[in-house]
There are 2 protein chains.
Amino acid sequence: MPQRGRPPGFDRESALRQAMEVFWTKGFDNASLTDLTRAMGINSPSLYAAFGSKEALFKEAVELYSRTEGSGIWEQVETAPTARDAIAQVLRTTAEAFTRGDEPRGCLIVLAAPQMQGANPGVCDALKARRQHNVCQLERRLQRAINENELPASTDCRAIANYFVTLQHGMSIQARDGASRETLLAIADCAMSGWEALVGVSHEA
Amino acid sequence: MPQRGRPPGFDRESALRQAMEVFWTKGFDNASLTDLTRAMGINSPSLYAAFGSKEALFKEAVELYSRTEGSGIWEQVETAPTARDAIAQVLRTTAEAFTRGDEPRGCLIVLAAPQMQGANPGVCDALKARRQHNVCQLERRLQRAINENELPASTDCRAIANYFVTLQHGMSIQARDGASRETLLAIADCAMSGWEALVGVSHEA
DNA sequence: GATATTTTGTAGCTATCGATACAGAAAGGA
DNA sequence: TCCTTTCTGTATCGATAGCTACAAAATATC
């Protein structure tokens, strides 16, 4: 008995995808229930029945974003043959992903609620955790590169991971301000041009 | 006849400073009139008589921010003896300014309304213009360094300016996420370690 | 002291926010 | 066919948003 009662009149996944786009464009607070229900093609009672609350809907949207949009950027960290390739790929893919014509520019996780105050605390914490996950992922990859003798043991993996993630976050601001793909790629090139010097020095504050 | 009628019961400058702190902490939209009037120690009619509207108050607050907080970061661009020193100073001062215990972390101009949609368009444009002003300022300084034979004529000043400003914007996100001063300084060191390689290559892509 | 001018606090305006109550509509099971 | 279950649209909830009308209070001018 899988189905009882009136069947839903909308597709949950595609409605969630529409909601994701609204949050991506406007951020959490500026995305009103009216914006969301209009984009999703449903009324608010259906939204609340299917997702629980605006906060819960947002968290599902972030999850979907990470799974679809974000994975294209970060999945290569593990698979790239070297740490250098991994980071170069992250920056280059970021430049491309942030300037697709049919999508909002920049990263939902960076732009949706950066103030960390006044907005819903659960929302802020969820986004912050995802931002910091990127640092950990990069740091682990750099540590692996030390183990594989790509990088010297003196490499400050945490500092380097923080550095590249910081740049990648800044690219969200640039993209939302209208920077072209070429501009973002040039930024990536600037960062990578310093790679040899970066991994050759130690940063012990 | 400079003064007629009942004198104001509050100091306009210090009230504006309080408003700036609220906008800095919460962003434009999340800073409610209640938040503002409570912090400023006045009622809304006084606020509107003195500043006109929430948007006008915000723009004055941004102006004050640039004049006081921001100038400490960017004023050295012109006075530093070399372009390299200028940029190193910007990044180092940024790390310090973003982690003062008595002030909100990160930059008001980056964090107050980054979505660029849904929020007040005038507010978004004003902040975007100030962000891009930093790029132009850095680019001009790098161009000057070419003229002064500090840098080769092939240096891509715009790409380099974009690169460092992007990193500086990312530092706002890191600071708001709780990064320590040491972490931000290490990020600055990472960026500066690539300086020689950066100014030695051209970025004509 | 009387009048003109400006600021103050109270109280309330309209609009919109996120979230729901409720009854009718659409399906399966008896 | 009747009942149960689930979903839908309408209409609305209380709270809060930005903003303002209004009269009392506080000063300068006459």
Side-chain angles (χ1 to χ4, degrees), chain A residues 1-16 18-20 22-23 25-62 112-113 115 117-124 126, chain B residues 1-16 18-19 22-23 25-61 112-113 115 117-124 126:
Chain A
M1 55 196 143
Q3 185 133 312
R4 295 262 302 187
R6 180 173 176 172
F10 65 99
D11 177 48
R12 195 180 190 278
E13 273 289 306
S14 90
L16 178 58
Q18 298 301 317
M20 179 191 78
V22 174
F23 283 129
T25 302
K26 300 196 153 194
F28 178 76
D29 287 304
N30 286 332
S32 70
L33 263 285
T34 304
D35 293 330
L36 292 165
T37 53
R38 177 154 40 212
M40 298 164 85
I42 60 178
N43 295 106
S44 39
S46 299
L47 190 154
Y48 280 86
F51 299 99
S53 68
K54 186 186 177 186
E55 176 180 349
L57 172 63
F58 179 79
K59 288 181 177 173
E60 280 203 53
V62 171
Q115 286 93 21
Q117 295 255 8
N120 188 314
V123 163
C124 295
Chain B
M1 55 194 142
Q3 185 135 312
R4 296 259 303 185
R6 179 172 177 171
F10 65 99
D11 177 48
R12 194 181 190 278
E13 272 289 306
S14 90
L16 178 58
Q18 297 302 317
V22 174
F23 284 128
T25 303
K26 300 195 154 195
F28 178 76
D29 287 304
N30 285 332
S32 70
L33 263 283
T34 305
D35 294 330
L36 291 165
T37 53
R38 176 153 42 212
M40 298 165 85
I42 60 178
N43 294 106
S44 38
S46 299
L47 189 156
Y48 280 86
F51 299 98
S53 67
K54 186 187 177 185
E55 176 180 350
L57 172 63
F58 178 79
K59 288 181 177 172
E60 280 204 54
Q115 286 92 21
Q117 295 255 9
N120 188 315
V123 163
C124 295

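The sequence lines fix the lettering, A, B, ..., with proteins before strands; numbering per chain opens at 1. What's counted below: heavy atoms across the whole structure, side chains too, no hydrogens, waters or symmetry copies.
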Participant: Return the value, rounded to whole Å, for the distance between atom CE of A/Met40 and atom C1' of D/dC7.
Facilitator: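 Going from CE in A/Met40 over to C1' in D/dC7 covers 15 Å.
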Participant: Could you tell me how far apart A/Glu55 (CD) and C/dC17 (C1') are, to the nearest whole angstrom?
Facilitator: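 After rounding, the reported distance stands at 16 Å.
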Participant: Does atom CZ (B/Arg38) have a neighbourhood of more than 12 heavy atoms from anything else shown, all under 6.0 Å?
Facilitator: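 Incorrect, the count does not exceed 12.
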Participant: Round to the nearest Å and state the distance from A/Lys54 atom NZ to C/dG18 atom P.
Facilitator: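 About 4 Å, once rounded to whole Å.
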Participant: For the pair made of CD1 in B/Ile42 and P in C/dT10, what is the distance, rounded to whole Å?
Facilitator: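 Rounded to whole Å, this separation is 14 Å.
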Participant: B/Phe51 CZ to D/dG18 C1': how many Å, rounded?
Facilitator: 16 Å
Participant: For A/Asn43 and D/dT8, is the shortest distance between a side-chain N/O and OP1 or OP2 below 4.0 Å?
Facilitator: no
Participant: How long is the gap from CE on B/Met40 to CZ on B/Arg12, to the nearest 0.5 Å?
Facilitator: 8.5 Å
Participant: Ignoring hydrogens and angles, answer whether the base of D/dA25 and the side-chain atoms of B/Arg6 contain a donor-acceptor pair closer than 3.5 Å.
Facilitator: yes
Participant: Is there a side-chain contact between B/Tyr48 and the phosphate of D/dT20, meaning an N or O under 4.0 Å from OP1 or OP2?
Facilitator: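 It does not, given that no N or O in the side chain of B/Tyr48 lies less than 4.0 Å from OP1 or OP2 of D/dT20.
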Participant: Out of curiosity, B/Cys124 SG to B/Gln117 CD, how far, rounded to the nearest 0.5 Å?
Facilitator: 8.0 Å
Participant: Of B/Ser53 and B/Gly5, whose closest DNA chain D nucleotide lies nearer the 5' terminus?
Facilitator: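 Going by which nucleotide is closer to the 5' end, it is B/Ser53.
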Participant: Distance check: side-chain N/O of B/Ser46 vs OP1/OP2 of C/dT8, anything under 4.0 Å?
Facilitator: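 Yes, such a contact exists.
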Participant: Considering the options B/Asp29, B/Asp35, B/Asn30, which one meets the side-chain hydrogen bond (donor to acceptor under 3.5 Å, both in side chains) requirement together with B/Ser32?
Facilitator: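 Testing B/Ser32 for a side-chain hydrogen bond (donor to acceptor under 3.5 Å, both in side chains) against B/Asp29, B/Asp35, B/Asn30 leaves exactly one candidate, B/Asp35.
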Participant: I need a per-nucleotide contact map over nucleotides 11-16 of chain C, read 5' to 3'. Cutoff is protein heavy atoms under 4.0 Å; write B for the base, S for backbone only, - otherwise.
Facilitator: ------
Participant: How long is the gap from NZ on A/Lys59 to CG on A/Asn120, to the nearest 0.5 Å?
Facilitator: 7.0 Å
Participant: Roughly, in whole Å, what's the span from CG in A/Asn30 to C1' in D/dA17?
Facilitator: 13 Å
Participant: Quick one: sort the A/Phe28 and A/Phe23 rings into parallel, tilted or perpendicular, breaks at 30° and 60°.
Facilitator: parallel
Participant: What integer distance in Å separates B/Arg12:CZ from C/dT7:C1'?
Facilitator: 14 Å
Participant: Side chain of B/Pro8 only, please: which of C/dT8, D/dG9, C/dA19 is the nearest?
Facilitator: C/dT8
Participant: What nucleic acid atoms does A/Ala31 come within less than 4.0 Å of, heavy atoms only: base, sugar-phosphate, or nothing?
Facilitator: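 Touches sugar-phosphate only.
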Participant: Considering only D/dA26, C/dT5, D/dG18, which nucleotide approaches the side chain of B/Arg4 most closely?
Facilitator: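 The closest nucleotide is C/dT5.
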Participant: Can you tell me how far the CG atom of B/Leu36 sits from the CZ atom of B/Phe58, to the nearest 0.5 Å?
Facilitator: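 One finds 10.5 Å between CG of B/Leu36 and CZ of B/Phe58.
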Participant: Take atom CZ of A/Phe58 and atom P of C/dC17, then tell me their distance rounded to the nearest Å.
Facilitator: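 My rounded result for the distance is 18 Å.
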